[in-house]
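First comes the structure, then the notes that go with it.
Every chain is numbered from 1 and lettered A, B, ... according to where its sequence line falls, protein lines coming before strand lines.
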Amino acid sequence: MAGEAFQTARGTRDVLWPDSWQMEQMRELTLSWARRYGYELIETPILEKSGVFLRLGEATDIVQHERYRFVDCSGDDLTLRPEGTAAVARAFLQHGLGDREEPVRLCYFGPMFRRERPEAGRFRQHTQFGAELYGSHSPLADAEVILLALSVVDAAGLTQPEARINSIGCADCRPQYRQALIEYFSEREAQLCDDCQARLHQNPLRLLDCKVDVAIRESAPDVESFWCNACRDHIHAVMALIEEAGRRVVRDRHLVRGLDYYTRTVFEVGHPRLGSQVALFGGGRYDGLTASLNGPAVPAVGFGMGIERLLSALPQPMTRPVTLRIYVAHLPGAERDGYRLAQRLRAEGLETDTDLLDRSLKAQLKDAGRRARLAVIVGGREWEQGAVVVRDLSRGEQATVGTHELLSYLRTKIQEDRG
RNA sequence: GUGGAUGUAGCUCAGUUGGUUAGAGCACCAGGUUGUGGCCCUGGGGGUCGGGGGUUCAAGUCCCCUCAUUCACCCCA
């Protein structure tokens, strides 16, 4: 009875070496850039009470049918986080982080869960890096988070991202625009696709990014002509700041984004190599989110970035720099001596492998040739005289070195290797 | 969620109109070298042909279901 051969659940994956190394690098890269901008790392639970995410949007797939929501054995209604912003907002309120006067900058890096149909670059569990900036109404804040995200993309080695931006207005001007859209689309309701008909009164802005009714949306009213003066100044200032920083961004009047909490600025950045996975990162301003989580209204902007997508968009995979590894090989009878020596080298901070199978010297060196740059051979005549053989595997040269000077010899070799 | 494609060894793939014990390259292991890797030679291990059911004397090959991956939608990171 063999039984079921278990596999990872659909849309999830094991991250094996060296992919795991790449993830590690991306975590370091993204968080170190966030630190440069003054963002503090926050880690929130993967599980939240479902209410945290329920206000994200009545008409969004992420909330409607892509969530992993369940009731646990004690009756708690829980959800695996589908995105970071709402969870960070909850933490912001819970810990009274807004009690300070100055802006609060927070960043995160971790797994998100959405029950989508998997594809290349779309997973049910994926990793997001994100940053959230609380406490500033200024366009300087919007530009800062976008510039941070673009810096990260740049630092990862991805050139020419395609950045699109829009403003969907504020509480003063959005209602009029919304009304105008409802009127416009209602007149053409019969021609709309099923999804759009359903969304027409719930969230008419979403009809703008429908790809089915392209002709209809093209002549739909542009939000630009409804912006109040403050909104107009805001988006212009944000775009100017980004361009002054030497980054390219274009306004896309159809960009609205799925989550309902956005106000004014929304942005999305893609890359041609991503194909149908539109977004590398996306975000916007969400001045109303804290209030919808029953807290005080605090202005905020932020973004989420898909790490797997960023990695897949890179022109070449990141390669691990070769470090000088040492392989301790042993001659017959010196197995324990080699084992002890390896321990000592590790304690001195050297990356060291050694044989665990009591193999022939030939087999050990073959293994060493694959994984290490230097082989230290323990045993035999030299060992009896208090010395070992150090073989440089890339050059094919070797020397006999006394055990008491082995460490300094190896360190010298490492220096040469770096120079 | 909708429609299409694919699924043979660790990896990349062959496998002819259904027909004996399912192959190659790379990788892995051993020997050729009593204490020395990378090249070469010889040999070796490894596959329920994604899984289940059906048609047939006979199925990797045909049919159905299922799982997984993937492409286009949908949507997003």
Side-chain angles (χ1 to χ4, degrees), chain A residues 2-13 16 30 56-57 59-66 81-85 109-130 149 153 193-196 199 206 209-212 255-259 267-271 274-283 302-313 327 329-334 357 359-383 388-398 400:
Chain A
E4 181 185 356
F6 290 108
Q7 294 182 5
T8 48
R10 184 161 210 210
T12 66
R13 59 188 198 131
L16 271 35
T30 56
L56 262 42
T60 69
D61 287 334
I62 292 176
V63 175
Q64 272 189 331
H65 42 81
E66 289 183 358
R81 65 179 183 198
E83 54 103 54
T85 299
F109 187 103
M112 304 295 164
F113 303 85
R114 298 180 192 176
R115 202 191 170 289
E116 294 185 283
R117 184 158 167 182
E119 237 180 89
R122 317 171 56 120
F123 306 98
R124 290 184 172 185
Q125 175 179 340
H126 73 278
T127 310
Q128 272 188 46
F129 159 65
V153 168
C193 67
D194 295 348
D195 284 343
C196 287
R199 284 199 290 232
R206 294 301 305 284
D209 68 353
C210 175
K211 276 77 181 175
V212 181
L255 179 61
V256 291
R257 296 192 58 77
L259 300 163
F267 54 87
E268 212 163 80
V269 175
H271 194 275
L274 284 176
S276 65
Q277 314 148 35
V278 251
L280 194 60
F281 70 85
F303 68 87
M305 180 181 294
I307 299 301
E308 288 84 357
R309 287 187 181 179
L310 179 55
L311 284 170
S312 74
Y327 190 102
H330 62 84
L331 285 161
L357 301 174
R359 288 180 288 190
S360 69
L361 180 61
K362 178 177 173 170
Q364 291 179 72
L365 284 175
K366 192 172 178 185
D367 196 12
R370 277 190 293 257
R371 308 155 55 179
R373 305 281 293 279
L374 291 177
V376 175
I377 302 167
V378 175
R381 298 184 300 277
E382 294 84 351
W383 187 249
V388 294
V389 173
V390 178
R391 184 170 176 82
D392 184 323
L393 293 161
S394 47
R395 290 182 191 163
E397 304 162 354
Q398 62 185 42
T400 302

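The side chain of Pro118(A) has U69(B) as its nearest neighbour among A30(B), A77(B), U69(B). With C73(B), A77(B), C29(B) as the choices, the nucleotide that has an atom nearest any side-chain atom of Ala279(A) turns out to be A77(B).
With sequence neighbours left out, Arg124(A) forms a side chain to side chain donor-acceptor pair (under 3.5 Å) with no residue at all.
Pairing for A77(B) is absent, judged as Watson-Crick or G-U wobble with the two contacts each under 3.5 Å. Base pairing analysis places C40(B) opposite G32(B); the two distances defining the Watson-Crick or G-U wobble pair are each below 3.5 Å. Under the Watson-Crick or G-U wobble criterion, with both distances below 3.5 Å, A5(B) is paired with U69(B).
When heavy atoms are screened at a 4.0 angstrom cut-off, Ser394(A) is found touching base atoms of the nucleic acid.
When the P atom of G37(B) is taken as reference, atom OH of Tyr327(A) falls 14 Å away, rounded to whole Å. Across the protein-nucleic acid pair, Leu16(A) atom CG and G10(B) atom C1' stand 11 Å apart, rounded to whole Å. Atom CG in Asp392(A) sits about 15 Å away from atom P in G37(B), given to the nearest Å.
The base of C75(B) sits within donor-acceptor range of the side chain of Arg122(A), with an N or O pair under 3.5 Å. Side-chain to base pairing of Glu116(A) with A77(B): one donor and one acceptor N or O lie within less than 3.5 Å of each other.
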Under 4.0 Å protein heavy-atom contact, by nucleotide of nucleotides 31-36 of chain B - B base, S sugar-phosphate only:
-B--BB
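Taking 4.5 Å as the limit, every side-chain heavy atom of Glu308(A) sits out of range of all side-chain heavy atoms of Arg122(A).
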